[in-house]
K.L.:
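Here it is, the structure, as structure tokens.
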Amino acid sequence: MTIIPVSGGAFAAYEVVVGRGLLAQAGERIAPLARGRTVIVTDETVAAIHAAALTASLSAAGVKSEIVAVPAGEASKSFAELERVLDRLLEIGLDRKDVVIALGGGVVGDLAGLAAALYMRGVDFVQIPTTLLAQVDSSVGGKTAIDTPRGKNLVGAFHQPRLVLADIDVLATLPARQVKSGWAEVLKHGLICDAGFFDWLAGEGSAGAEGDPAALERAVIRSVEIKSAVVGEDEKEAGRRALLNLGHTFGHAVETEVGFDEDALAHGEAVALGCCMAFRYSAREGLCSAEDVARVEAVVAAAGLPTRLDQAGVFGADRLLALMAGDKKAEGGALTLILARGIGQAFVSKGMDADKVRAFLIEEGATA
């Protein structure tokens with residue numbers, strides 16, 4: 001078991017616990033945070049697999065719990081589901097000393113976290129991420145949000161959890177595609193700032209993409225270490241935290257265009273594609289080598305993830321550019337991209353030339 005602290009001057013410190021068998025220990029770890037009552041927000045698929053174990057653990061620790069289940073999938077990150085969750089919290093009578101538990105993947109964590117941020121102007125919540133993507137990325141750092149037809153994660157709040165429990169054992173229940181989707185975020189962390197980690201992921205660590213528990217545990221630990229260090233310096237993405245969005249500006253635009261249809265393109269697949277595009281654009285601008293691009297593409301492809309735009313569909317360059325301009329990192333309508341000078345050397349590039357980006361998108365296969 002590994003405990004990784006997350007701390008910053010602007011928020012209360014908390015721990016991310018990574019290990020095996022943590023779901024059975026959840027009650028004893030959550031009990032000190034709760035007055036005796038919790039509401040578990042989960043999705044219908046996860047509830048059928050893991051809710052009984054969590055409620056039993058809570059009960060054994062003397063903590064009462066209620067379950068609020070939403071439909072599985074990205075479509076639940078909506079105003080309608082947010083309203084439904086908040087209404088259930090009110091119906092249950094949750095008060096400011098009670099705790100919301102997010103049991104699920106990134107969708108549940110984002111939705112439950114935003115509900116906790118809004119309910120009575122903010123109540124505590126705990127993240128128990130059940131997907132690889134959520135364990136290495138979305139459960140840490142306090143970003144909560146829902147989607148709109150105009151883009152992904154555009155309505156939300158920063159609301160840090162009190163505790164994160166990343167149980168490696170629960171990853172064994174995931175479909176292979178979900179493991180690979182989460183692996184994209186793991187690769188991203190190496191691409192941002194740790195070339196040695198990326199080397200391991202490309203070699204021995206690649207077993208994690210196939211579900212090997214030992215490789216997954218090491219990958220989760222290092223990813224959380226990287227993210228916690230960045231969040232501790234820059235909670236609200238005023239500077240360095242934007243690096244964690246490598247691949248996301250391109251990827252989110254494509255996700256929005258496919259209507260957040262996870263059957264067509266999962267979030268991690270969009271991130272993998274976006275990382276490859278960011279490296280190709282960097283090489284186009286003379287910032288990194290063609291060899292780096294080829295290596296990134298090879299490692300991403302070996303993990304069973306997309307590397308090219310035409311693997312996701314047919315898209316208009318102007319539409320993608322408009323969506324990218326509406327990204328949260330854009331300033332004054334000017335594009336901001338996370339680019340790279342090499343593997344492990346990402347940086348924030350503001351005020352991008354829209355005409356150059358449009359030309360690049362057409363080179364990538366978008367229609368003019």
Side-chain angles (χ1 to χ4, degrees), residues 14 16-17 22-23 26 30 38-55 57-58 65-89 92 94 98-119 123-148 152-153 155-171 173-175 177-179 181-182 185 220 224 255 260-262 266-268 271:
Y14 58 94
V16 180
V17 185
L22 293 178
L23 200 59
I30 293 171
T38 63
V39 171
I40 302 164
V41 179
T42 186
D43 70 42
E44 292 160 356
T45 300
V46 172
I49 302 170
H50 298 302
L54 177 56
T55 55
S57 179
L58 291 167
S65 61
E66 299 261 4
I67 294 176
V68 177
V70 301
E74 188 76 19
S76 283
K77 284 177 59 172
S78 65
F79 279 107
E81 285 302 321
L82 176 63
E83 181 180 14
R84 191 170 76 83
V85 170
L86 288 169
D87 187 61
R88 281 288 291 128
L89 298 184
I92 291 165
L94 203 72
D98 296 327
V99 173
V100 172
I101 300 174
L103 175 69
V107 168
V108 165
D110 281 2
L111 179 64
L114 183 54
L118 294 171
Y119 188 79
V123 295
D124 288 342
F125 86 113
V126 170
Q127 288 267 21
I128 306 181
T130 60
T131 65
L132 178 59
L133 192 150
Q135 289 191 0
V136 302
D137 186 61
S138 60
S139 67
V140 181
K143 282 187 175 181
T144 73
I146 57 172
D147 304 330
T148 83
K152 187 177 177 72
N153 296 334
V155 176
F158 289 95
H159 190 55
Q160 299 288 346
R162 290 292 309 280
L163 173 70
V164 180
L165 300 177
D167 188 341
I168 301 301
D169 286 343
V170 304
L171 302 180
T173 66
L174 295 177
R177 187 181 180 191
Q178 279 201 35
V179 175
S181 181
E185 294 280 5
V220 171
V224 172
E255 272 189 282
F260 306 117
D261 181 352
E262 292 177 292
H267 175 64
V271 170

K.L.:
Between T148 and F260, which heavy-atom pair has the shortest distance, and what is it?
P.N.:
O-CE1, 3.6 Å
K.L.:
Okay, side chain of D147, backbone of N153: is any donor-acceptor separation there less than 3.5 Å?
P.N.:
yes
K.L.:
Using the rule given for side chain to side chain contact (heavy atoms under 4.5 Å, CB included), can you reason through V126 versus T38, listing the C-alpha separation, both sets of side-chain angles and the distance that settles it, and then say yes or no?
P.N.:
CA-CA 10 Å; V126 170; T38 63; over 6 Å; no
K.L.:
Looking only at heavy atoms, what is the nearest atom pair of S76 and L111, with distance?
P.N.:
O-CD2, 3.6 Å
K.L.:
Under the side chain to side chain donor-acceptor pair (under 3.5 Å) rule, collect the residues that match up with E81, sequence neighbours excluded.
P.N.:
R84
K.L.:
Tell me, with the steps shown, if L103 and V41 meet side chain to side chain contact (heavy atoms under 4.5 Å, CB included).
P.N.:
CA-CA 6 Å; L103 175 69; V41 179; over 6 Å; no
K.L.:
Between CG of L82 and CG of D87, what distance do you get to the nearest 0.5 Å?
P.N.:
11.0 Å
K.L.:
Is there a side chain to side chain contact (heavy atoms under 4.5 Å, CB included) between V108 and V46? Walk through the geometry before answering.
P.N.:
CA-CA 10 Å; V108 165; V46 172; over 6 Å; no
K.L.:
Let me see the working for L133 and V271 under side chain to side chain contact (heavy atoms under 4.5 Å, CB included), right down to the final yes or no.
P.N.:
CA-CA 11 Å; L133 192 150; V271 170; over 6 Å; no
K.L.:
Crowded around E83 CD? As in, over 12 foreign heavy atoms under 6.0 Å?
P.N.:
no
K.L.:
What are the two closest heavy atoms between A26 and L54, and how far apart are they?
P.N.:
CB-CD1, 3.5 Å
K.L.:
What pair of heavy atoms forms the shortest contact from A134 to P129, and how long is it?
P.N.:
CB-CB, 3.5 Å
K.L.:
Please name all residues satisfying side-chain contact (heavy atoms from CB on, under 4.5 Å) with T173, sequence neighbours left out, ordered by chain then number.
P.N.:
I49, H50
K.L.:
Once side chain to side chain donor-acceptor pair (under 3.5 Å) is applied, do any residues pair with E74, and if so which ones, sequence neighbours excluded?
P.N.:
K152
K.L.:
Does some side-chain heavy atom of Q135 sit less than 4.5 Å from a side-chain heavy atom of V170?
P.N.:
yes
K.L.:
Using 0.5 Å steps for rounding, measure from the CD atom of E262 to the CD atom of E255.
P.N.:
8.0 Å
K.L.:
Show the nearest heavy-atom pair for residues A102 and G109, with the distance to one decimal.
P.N.:
CB-CA, 4.0 Å
K.L.:
Can you give me the closest heavy-atom contact between A115 and V85, atom names plus distance?
P.N.:
CB-CG1, 3.8 Å
K.L.:
Nearest 0.5 angstrom please: E44 CD to I67 CD1, how far?
P.N.:
12.0 Å
K.L.:
Tell me which pairs pass salt bridge (Lys or Arg N to Asp or Glu O under 4.0 Å) where either residue lies in residues 126-137, with sequence neighbours left out.
P.N.:
D137-K188, D137-K227
K.L.:
Counting only pairs under 3.5 Å, give me each side-chain donor-acceptor contact of residues 156-168, with atom names and distances, residues two or more places apart or in other chains.
P.N.:
from: H159; atom 1: NE2; to: V123; atom 2: O; distance (Å): 2.8
from: Q160; atom 1: OE1; to: Y14; atom 2: OH; distance (Å): 2.7
from: Q160; atom 1: OE1; to: G142; atom 2: N; distance (Å): 3.3
from: Q160; atom 1: NE2; to: G141; atom 2: O; distance (Å): 2.8
from: Q160; atom 1: NE2; to: E235; atom 2: OE2; distance (Å): 3.2
from: R162; atom 1: NH1; to: D124; atom 2: OD2; distance (Å): 2.8
from: D167; atom 1: OD1; to: G21; atom 2: N; distance (Å): 3.2
from: D167; atom 1: OD1; to: D169; atom 2: N; distance (Å): 2.9
from: D167; atom 1: OD2; to: L22; atom 2: N; distance (Å): 2.9
from: D167; atom 1: OD2; to: L23; atom 2: N; distance (Å): 2.8

K.L.:
Is it the case that the side chain of Y119 and the backbone of V100 share a donor-acceptor pair, with hydrogens and angles ignored and the cut-off at 3.5 Å?
P.N.:
no
K.L.:
Any side-chain heavy-atom pair from V107 and V70 closer than 4.5 angstrom?
P.N.:
no
K.L.:
Can you list the residues that meet the side chain to side chain donor-acceptor pair (under 3.5 Å) rule with D98, with sequence neighbours excluded?
P.N.:
R37
